Amino acid sequence: MTKQVRTRFAPSPTGFMHVGNLRTALYAYLLAKSQKGNFVLRIEDTDQARYVENAVEVIYATLKSANLIHDEGPDVGGNYGPYIQSERKHLYKDYALELVKKGAAYYCFCEKHDEDEEVSQDEKTFIEGCPGHCANLSEAEIAEKLAKNTPYVIRQKINRDGSTTTFNDLVYGEVAIENKVLDDQILLKQDGMPTYNFANVVDDHLMNITHVVRGSEYLSSTPKYNLLYQAFGWDIPEYVHLPLIMGRDAEGNVSKLSKRHGSVSFENLVQEGYLPEAIINYIALLGWSPKSDREIFTLAELTEAFNTNGLNKAAAIFDYGKLRWMNSEYIKMMSADDFAKMAKAFAQIDGTALESKWQSLANLLQQRTEVLSDIPSMIDFLLEQPEYDTSLFNHKKSKASPETAKKVITDLLPEFEKLATFDGQAEQLNQMIMDYAAQNEIKVGQPMWGVRIAVSGKTVTPGGPGEIMELLGKEEALKRLNKALALIG
RNA sequence: GUCCCUAUCGUCUAGAGGCCUAGGACACAGGGUUUUCAUCCCUGCAACCGGGGUUCGAAUCCCCGUGGGGAUGCCA
């Protein structure tokens, strides 16, 4: 029987969820779930200086909102706990000492590097690690320093002979790196906490993780991990390194996706009005292909379709434009009620005349909304008409112009005035415009265009002239029509 | 500097030596449907980084360039 697949998502609590991290979580989830395996959440909080209040809650909330349900984790328990690394602190030292005993690690009593003596990027050269050759200390010297409580770290001892460490990656295939370019990385910090690199190896082994899914930035340090596994005599897990997600800045430069490229955290995107399902669907396709032309997938469908064969090697640029499109697809799929409810939180109409008309306005909006945060600017003209230029009355396709607008408004204004109220009369109002077009033997679009511009001041509006006039109410609508006549002159 | 990874339309990608006149999607442009704009539908535009091999045949395999990215932290 083959071993059950176990993957983990191991974020550090930084207070926000970068979409790159979320995609890593998604693939780890899909890999496990596509094979009926388990998905584990582990919190990597070994950097005490970076502690952020409530950051763990953000992680829980994000995974929940994205529907990436973990089978084990700090909040749900499991057989391999604790799942928070700071609570496992005591474990790591014993393992580090085991490596010292085996000759695969050593005490280093060197002082921390000065922050300000940083070498410039250009002349940066390979540093083996410990600057003071602590690896050569005699047992007596070590004992003496320990007796004096000299602060220390424990470093991995790399045999920088001519050998090469080779490993296989499910995405990148065989990768070989010469041991001489590996440094004696720190395993246990001065404060007794393990580094990420060490805690990972220990925890992944202890938690029985079968597939390590992580970003490709770890590709070049993977040999160091393997040397650790070997020193312990542990099985090396399968590696699934993922291509990075890049962003393009205003100057056109490409680099790891970060805040200067736009909103990159799941929370920010949701605040902007992207739906979690759309975000998940979009990032699933950023670096992975189902090998078909299909693009819209629910999480369950992704789980069904997922395969590591579809994973890409080259970095991908995050395209907000395509995310917008995908989001609009998800918005169109929502029920009218759900949309109205969700969109209201973005509409900023509480306490205005539009509040009571929200449901009908929302119905008009649903087919036209790409991102929910666009809604205020789509409907603000209903509350206050913007300044507009008479050139808007020109529309080639419907042969409309300021002149045709003037005529239609002049002719129709008295007709509109005859209606006692515009409430519930959207259809009737549109019908009057259509009848007018028929009587005058012109394309329907021509009078429609003129009235639309006059009552809205915009070329793109939710709904047609009739709908807009109803939403405005008789008084305001007629006021705007008169204003248009004055404007055209 | 050194090491590692990578390279198909502007962007996300399909392509496992002949199915490639390189397919799909976003964006963009044009047209159509609709009571106008939008939605929707159709059409168009647009790519194998360069040079050498291997082969009857290369987007696909190999090598060398070049471009891009990553690593080189007591961050993860």
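Source: prediction; values computed, not measured.
- Considering only side-chain atoms of Arg50(A), the nucleotide from C4(B), G73(B), G70(B) that sits closest is G73(B).
- A 3.5 Å limit on both hydrogen-bonding distances identifies no Watson-Crick or G-U partner for C9(B).
- The pairing partner recorded for A47(B) is none, the criterion being a Watson-Crick or G-U wobble arrangement whose two distances lie under 3.5 angstrom.
- Nucleic acid contact for Met326(A): none, since no nucleic acid atom lies under 4.0 Å from a heavy atom of the residue.
- Residue Leu244(A) places its side chain closer to G70(B) than to any other of C5(B), G70(B), U35(B).
- Within 3.5 Å, a donor on the side chain of Arg368(A) pairs with an acceptor on the base of C37(B), or the reverse.
- Taking atom CG on Asn327(A) and atom P on U39(B), their separation rounds to 15 Å, with Å as the unit.
- Looking at the side chain of Tyr172(A), the nearest of the listed nucleotides C5(B), C4(B), C74(B) is C5(B).
- Thr46(A) comes within 4.0 angstrom of sugar-phosphate atoms only, judged by non-hydrogen atoms across all strands, and of no base.
- Salt bridge annotation for Arg324(A)-Glu329(A): absent, with no cationic side-chain nitrogen under 4.0 angstrom from a carboxylate oxygen.
- Closest contact between the side chain of Lys256(A) and the listed nucleotides C74(B), U6(B), A71(B) involves A71(B).
- Note on Asp184(A) versus Lys157(A): no salt bridge recorded, every NZ/NE/NH1/NH2 to OD/OE distance being 4.0 Å or above.
- Remark: the backbone N or O of Val58(A) is paired with a side-chain donor or acceptor of Thr62(A) at under 3.5 angstrom.
- Rounded to whole angstrom, the span from the NZ atom of Lys396(A) across to the P atom of C37(B) amounts to 13 Å.
- Residue Asp319(A) places its side chain closer to G10(B) than to any other of C37(B), A76(B), G10(B).
- No N or O donor and acceptor, one from the side chain of Tyr218(A) and one from the base of A71(B), sit under 3.5 Å apart.
- Both tests hold for Arg214(A) against Tyr225(A): distance to the six-membered ring centre under 6.0 Å, angle to the ring axis within 45°.
- Scanning atom types as modelled, one donor and one acceptor separated by under 3.5 angstrom connect the side chain of Lys322(A) and the base of A25(B).
- His205(A) places no side-chain N or O within donor-acceptor distance of the main-chain N or O of Val202(A), the cut-off being under 3.5 Å.
- Side-chain proximity of Thr461(A) to C37(B), A71(B), G23(B): nearest is C37(B).
- Both distances falling under 3.5 Å, in either a Watson-Crick or a G-U wobble arrangement, place U2(B) opposite A71(B).
- Among the atoms of the strands shown, only primed sugar atoms or phosphate atoms (P, OP1, OP2) are found under 4.0 Å from some heavy atom of Val254(A).
- In this structure, Gln156(A) contributes its side chain and Lys224(A) its backbone to a donor-acceptor pair below 3.5 Å.
- In this structure, the nucleotide among C40(B), U11(B), A76(B) sitting nearest to the side chain of Ile317(A) is U11(B).
- The nearest whole Å value for the distance from the CD atom in Glu217(A) to the C1' atom in G73(B) is 14 Å.
- Among the nucleotides U34(B), U35(B), U6(B), the one closest to the side chain of Ala314(A) is U6(B).
- If you check every strand for non-hydrogen atoms under 4.0 Å, Asn430(A) touches a base.
- Within the structure, a side-chain polar atom (N or O) of Asn312(A) is placed less than 4.0 Å from OP1 or OP2 of A14(B).
- Residue Ser398(A) is out of contact with every strand shown, counting any heavy-atom pair closer than 4.0 Å.
- For Val175(A), counting side-chain heavy atoms from C-beta on, the closest listed nucleotide (C4(B), U6(B), A14(B)) is C4(B).
- Contacts of Lys332(A) with the nucleic acid, taken as non-hydrogen atoms under 4.0 Å apart, involve only primed sugar atoms and P, OP1 or OP2.
- Comparing C74(B), A38(B), U13(B) by their closest approach to the side chain of Val460(A) singles out A38(B).
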